There are 2 protein chains.
Amino acid sequence: MRPKLTLKQIARELDVSISTVSKALKDSPEIGEDTKQKIKAFAKLYNYKPNNIALSLKNRKTKTIGIIIPEIVHYFFTTVISGVEQVANEKGYNVIVCLSNNSFDREVLNLDLLANGSTDGFILSLAKETMQKEDYHHLTEVINQGMPVVLFDRVVDEVHCDKVIIDDIIGAKKAVEHLIETGCKKIGILTTVDYVSVGKLRTRGYIEALEENDYPVDEDLILKIEDMENSEKEIGEFLKTRDVDGLFAVNEQFAVSAIGALRRQGRNVPEDVSVVGFTDGELSKNFIPSLTTVSQHGTRMGAEAAHLLIDKLERKPDEVESYKTVIVETSLVRRESTKN
Amino acid sequence: MRPKLTLKQIARELDVSISTVSKALKDSPEIGEDTKQKIKAFAKLYNYKPNNIALSLKNRKTKTIGIIIPEIVHYFFTTVISGVEQVANEKGYNVIVCLSNNSFDREVLNLDLLANGSTDGFILSLAKETMQKEDYHHLTEVINQGMPVVLFDRVVDEVHCDKVIIDDIIGAKKAVEHLIETGCKKIGILTTVDYVSVGKLRTRGYIEALEENDYPVDEDLILKIEDMENSEKEIGEFLKTRDVDGLFAVNEQFAVSAIGALRRQGRNVPEDVSVVGFTDGELSKNFIPSLTTVSQHGTRMGAEAAHLLIDKLERKPDEVESYKTVIVETSLVRRESTKN
DNA sequence: TTTCAACACGCAAACGTTTTCGGACGTTGG
DNA sequence: CCAACGTCCGAAAACGTTTGCGTGTTGAAA
């Protein structure tokens, strides 16, 4: 077992000073050609690589960005991570991933931990619990200390920072309008409770789309699901007494649960009921029938977030502070669960 | 914007030395009660937290573990990450995630980067390209430098380190035996090319199960798929000319593709053909019919890997070196795609 | 021969900690 | 009255870098 090589060891070995070694390796003109060659050869031979931690300490930057998400076993979030990773890597940054598990405490804990020197900045999507508590002091604190933060997907006005979101309302409208265009007359929605911001917004898009097309908005056709565990049963009950011919689900899960329930009730998709989902994940692509859905382009969101963050990190200190929020467009992917 | 507080600043502010502050905050008996109180109060008031980077440099350990996986938009890997994260967090470690995108070069790059001080050890699953090249010098190098490494899922004998795998052969046998028990007479397999170790092993399990039950092994019923992009078509072609009544797919994707193809050919699952998959992901759970499948228990694998790694990290230096490989049992999850 | 660049290199500080050692001071005991 | 000891604290080194500046040596110009 050969431990890592340091400048000091090279210096001792070659009988020069540490600074000479450092400068030689950086090809400084201060050092004589032959000395440089000797040192470089030695370093290459023994595969010297500078210690990142020491560099971080010296430079006061770590070249790593932290990303905190509510859960990782989740298609959308993985695509976002993928996007972040890609551009971070291009720019020479590492990505350190933490999970809040939708818990406020874990979010605070992770943030605190990473804020103490481990990361140069954060990309994060708020935990459900955090949004319920409406307590964002941990974020404002970190931002106050001069750490750039980019919020994505689950964002909140109270925190002043860059943001990356999708046009949830417009996305939902696209979905509902597609249902309308393909001839649906009675359109229901499967959504979440209102404190989940995206659920709320998508519901709003649903309502707006109906109103703009002079469809009546029937509260009885709106199902707000709180308990994800029992969503399947709840959806089944709901559909049993609603003779909708179009259905907008705010996520994949709800969409496939609905299709399953409908089929058990002898109703076919899309012949009797058209269904549109949200999030273009594995399920949407592979389900039978494959799902017409609103794609969120998670990878692009991640990439945008990473760009925003890195821009802030590499900004000259004299530039003026300003917060952007970029909106990544959604697009409707037409497949087999709706008519056309 | 208030920058981070350091020991030095506290010292200056309270007119004591840096070492006094450090000791006071660690409740050292060397420091007088009143001084301690004063310092602690100040530190708490201004929310002092020690700088992790400085600590890492001093202690020569970072308390973070690196995990390098081929891809992240993949159910199995996310469950593994989730497992790693969980126990890492319990033990006070951070997790930094890197993606190799199945590329050898990226794997080497990431490993090199993280090996230079950023991480105390690695958990990784080999890139497909790496397994093709059979070049593992980057790993042996890192291991030689004294960094613990734990390989999982896609492992390889040439690298000497701890490993976490599943009993792919036994898992596959469980699947095939279940098909046999439920009355299938002619069982095919949809698998990958042999250099993907798990594919190879699962194929072997398939063959062994057949042999042990005195079923003939018919090469014509074995489809080895190279190109994941066109798997759907390939599977369709294959099934068109095989009148199997049982099918074992080595992943979810192949399983649902098969079911789709069969249905288009007028064959019902499970009435005409029973199908068993591998990996208990979103697809298996939500597909209609839901998939009977072999669960890999990714979370448990991740947890095991993390435990192995942390044990090595916190081992006293005089303990003897030894490499374990733990096998996480698979289990068959019976659902609707097979008879019972 | 003296003077002065130019060159090649080393010293030391800094980043923020922890920890060992020793020093100053006051108290106690003989 | 002095030695010994205890209490409380500070100086300094160390982790591995980078970098401004100082210094010694050389060679050439004056």
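Computed from a predicted model, the values in this text were never measured in an experiment.
- Using a 4.0 Å heavy-atom criterion, one finds that A/Thr6 contacts the sugar-phosphate atoms exclusively.
- More than 12 heavy-atom neighbours from other residues, nucleotides or ligands sit within 6.0 angstrom of CG on A/Asp27.
- Within 4.0 Å of A/Ser28, counting heavy atoms only, lies no atom of the nucleic acid at all.
- Across the protein-nucleic acid pair, A/Glu33 atom CD and C/dA8 atom P stand 8 Å apart, rounded to whole Å.
- Counting heavy-atom neighbours within 6.0 Å of A/Lys324 NZ, excluding the residue itself, gives a total of 12 or less.
- A straight line from NZ of B/Lys63 to P of D/dC15 spans 22 Å, rounded to a whole angstrom.
- The minimum heavy-atom distance between A/Ile65 and A/Ala88, with the atom names listed, is CD1-CB, 4.3 Å.
- Checking A/His137, A/His138, A/Gln132, A/Lys133 one by one against A/Asp135, the side-chain hydrogen bond (donor to acceptor under 3.5 Å, both in side chains) holds for a single residue, A/His137.
- B/Lys63 has a carboxylate O that lies under 4.0 Å from a charged side-chain N of B/Glu314, or vice versa, which qualifies the two as a salt bridge.
- Applying the 4.0 Å criterion to OP1 and OP2 of D/dC9, one finds that B/Thr35 has a side-chain N or O inside that range.
- A donor-acceptor contact under 3.5 Å is not formed by the side chain of B/Thr20 with the base of D/dC9.
- At whole-Å resolution of the value, NZ in A/Lys8 and C1' in D/dC15 are 8 Å apart.
- Here B/Ser17 does not reach the OP1 or OP2 of D/dA11: none of its side-chain N or O atoms lies under 4.0 Å away.
- With rounding to whole Å, B/Lys61 atom NZ is found 19 Å from C/dT17 atom P.
- Residues of residues 38-60 of chain A that place a heavy atom closer than 4.0 Å to DNA chain C, in numerical order, are A/Leu57, A/Lys58, A/Arg60.
- Nucleic acid contact for B/Lys23: base, since at least one base atom lies under 4.0 Å from a heavy atom of the residue.
- Separating the CG atom of B/Asp34 from the C1' atom of D/dC8 is a distance of 10 Å, rounded to the nearest angstrom.
- A donor-acceptor contact under 3.5 Å links the side chain of B/Ser19 to the base of D/dA11.
- One atom, NZ of A/Lys4, and another, P of D/dC15, lie 16 Å apart when rounded to the nearest Å.
- On a pure distance criterion of 3.5 Å, no polar donor-acceptor pair joins the side chain of B/Glu30 and the base of D/dC8.
- Put simply, CG on A/Leu7 is 9 Å from C1' on D/dT18, counting in whole angstrom units.
- Between B/Leu5 and B/Ile10, the closest side-chain pair of non-hydrogen atoms falls below 4.5 Å.
- In this structure, CD1 of A/Ile10 is placed 12 Å from P of D/dG16, rounded to the nearest angstrom.
- Heavy-atom neighbours of A/Lys4 NZ from other residues, nucleotides or ligands within 6.0 Å: above the threshold of 12.
- Set against D/dG10, C/dC9, D/dT19, the side chain of A/Ser22 has D/dT19 as its closest nucleotide.
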